[in-house]
Amino acid sequence: MSEHSITEQQVLDALRSVVDPDLHRDIVSLGFVKDVKICDGNVAFKIELTTPACPVKDLMKSQATQAVLQLPGVKSVNVEMTASTRSRSIGAEDLLPTVRQVVAVASGKGGVGKSTVAVNLAVALAQLGAKVGLLDADVYGPSVPLMMGTRETPPVINDKIIPIERYGVQMMSLGFLLPDDSAVIWRGPMVAGTVRQLLTDVEWGEKDYLIVDLPPGTGDASITLSQSVPITGVVIVMTPQDVAFTIAGKAVAMFRKMEETLRRPIPILGIIENMSGFACPHCGQVTSVFAGKGAKYAADKLQVPFLGSIPLDPNISVSGDEGVPAVVAHPESAQAKAFREIAQALAAQCSIHSMADHTLLRDIPYMERG
Ligand code: ADP
């Protein structure tokens, strides 16, 4: 076959052998392949992924290159990897019409590292190229300002609060608006009103991901968020103890109950295990700190994805207190790597759910919105 006879169809047929491992379909039928150009045996095309934080970006690029190189007459292959973040289904009255994915970070109880995880995931997603917002909805104890190292007062333009940007993430927290020593006695309707305001009065703008740090447990803030916005889903942070497992199980059950009551899907995007063993800084040996079967076991039992574990590391605590998240302060550390991998696994889950969502939308009448 002469090199001039390479056709776009041949290139596309070759690329059908490349399958997205999360979406279980080939990249051609998924519509990922764009702008195929063939010139004198040199083939160039784009692969547009569903998230810039795609965990299999490099693998797909090399598989696609190999598949096309095997065509007779092909001299070179140039693949450009791009991304357009898939969107949840946005209805006419959605409070966040310009936000593609809304992910709530929850825990059954306080102190498991939920805020630490929310902050590091938000920054990791931004480092991977996504446009990220971070909403601190933990109104009882907003810790995002401390962990992100800023106490600026957000400006107000045209009656909208402009989020504060740090480490590539635009964020909003009640902590920016309340004086340090203020004590607020929260009642249910106040929590609901405040969370609604943090959604509507803030200029969130175009975002790929909005990460929402919920208060521990499933109370008024979780209900208001899920009522106000069709969220992509929830991730649950737990420590490896059995008690934490019981509590995480309760959180999953409560979100499932909320889903029934609100008649709106609230998918559990996965479980994250935090403080899952101590790596000795001297000898590297990992010691289990908590007794218990761990989050992987919990995820299997609860039939939800396990997104990964983050080791217990004094640096995480120090960087949190100093206002520099671990993924920025120690980007090469094991825990930063863990946060990046979990951010990618989470982004993959968002893509999976958005695909499923679009299909489901046609079939389930109660999901009609607007
Ligand atoms: P929560 O939001 O669940 O109440 P935080 O994120 O505020 O928990 O974390 C509680 C404390 O634990 C903070 O001091 C934080 O720095 C620390 N911490 C969280 N995760 C880790 C970890 N993997 N290793 C060491 N310290 C951690």
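Computed over heavy atoms, backbone and side chain alike; hydrogens, waters and symmetry mates excluded. Indexing begins at 1, ligand by ligand and atom by atom, following the structure's order.
- S107 does not count as a contact of ligand 1, since none of its heavy atoms falls under 4.0 Å from the ligand.
- For P311, the closest heavy-atom approach to ligand 1 falls below 4.0 Å.
- Between D201 and K160 no salt bridge is recorded (no basic side-chain N to carboxylate O distance below 4.0 Å).
- Of all protein heavy atoms, the one closest to atom 26 (N) of ligand 1 is S317 CB, 3.7 Å.
- Inspection of the Q170 and K207 side chains reveals an N or O donor paired with an N or O acceptor under 3.5 Å.
- Protein heavy atom closest to atom 19 (C) of ligand 1, with residue, atom name and distance, is T116 OG1, 3.5 Å.
- A donor atom on one side chain and an acceptor atom on the other are found under 3.5 Å apart for D213 and S115.
- Distances between N or O atoms of L312 and those of ligand 1 include no value under 3.5 Å.
- With hydrogens left out, the protein atom closest to atom 4 (O) of ligand 1 is G111 N, 2.8 Å, a heavy atom.
- Considering backbone and side-chain atoms alike, G113 places an N or O below 3.5 Å from some N or O of ligand 1.
- Atom 22 (C) of ligand 1 is flagged as protein-proximal [any protein heavy atom, distance under 4.0 Å].
- Here R16 pairs with D13 under the salt bridge (charged side-chain N to carboxylate O under 4.0 Å, His left out) rule; sequence neighbours left out.
- Of the charged side-chain nitrogens involved, at least one lies within less than 4.0 Å of a carboxylate oxygen, so that D138 and K114 count as a salt-bridged pair.
- Taking atom 7 (O) of ligand 1 as the reference point, the nearest protein heavy-atom neighbour is M147 CE, 3.5 Å.
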Could you walk me through whether Y209 and T232 satisfy the side-chain hydrogen bond (donor to acceptor under 3.5 Å, both in side chains) test, starting with their C-alpha distance in whole Å, then the side-chain angles of each, then the deciding distance to 0.1 Å, before giving a yes or no? CA-CA 10 Å; Y209 299 95; T232 313; over 6 Å; no
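- Close approach of ligand 1 to K114 (heavy-atom distance below 4.0 Å) involves ligand atoms 1 (P), 2 (O), 3 (O), 6 (O), 8 (O).
- Remark: of the listed residues V235, V117, L121, L121 is the sole one forming a side chain to side chain contact (heavy atoms under 4.5 Å, CB included) with I342.
- Side-chain atoms of Q101 and T85 include no donor-acceptor pair closer than 3.5 Å.
- Note on residues 245-257: no pairs pass salt bridge (Lys or Arg N to Asp or Glu O under 4.0 Å), not counting sequence neighbours.
- Between S143 and ligand 1, no N or O atom pair is found at a separation short of 3.5 Å.
- Ranking the protein heavy atoms by distance from atom 20 (N) of ligand 1 puts N274 ND2, 2.9 Å first.
- Between Q335 and ligand 1 there is no heavy-atom distance shorter than 4.0 Å.
- Among all protein heavy atoms, the one lying closest to atom 12 (O) of ligand 1 is M275 CE, 3.8 Å.
- What sits closest to atom 25 (C) of ligand 1 on the protein, heavy atoms only, is D313 O, 3.0 Å.
- The pair D208-K131 fails the salt-bridge criterion, with no side-chain N (NZ, NE, NH1 or NH2) lying under 4.0 Å from an Asp/Glu carboxylate O.
- For atom 27 (C) of ligand 1, the closest non-hydrogen atom on the protein side is I316 CG2, 3.9 Å.
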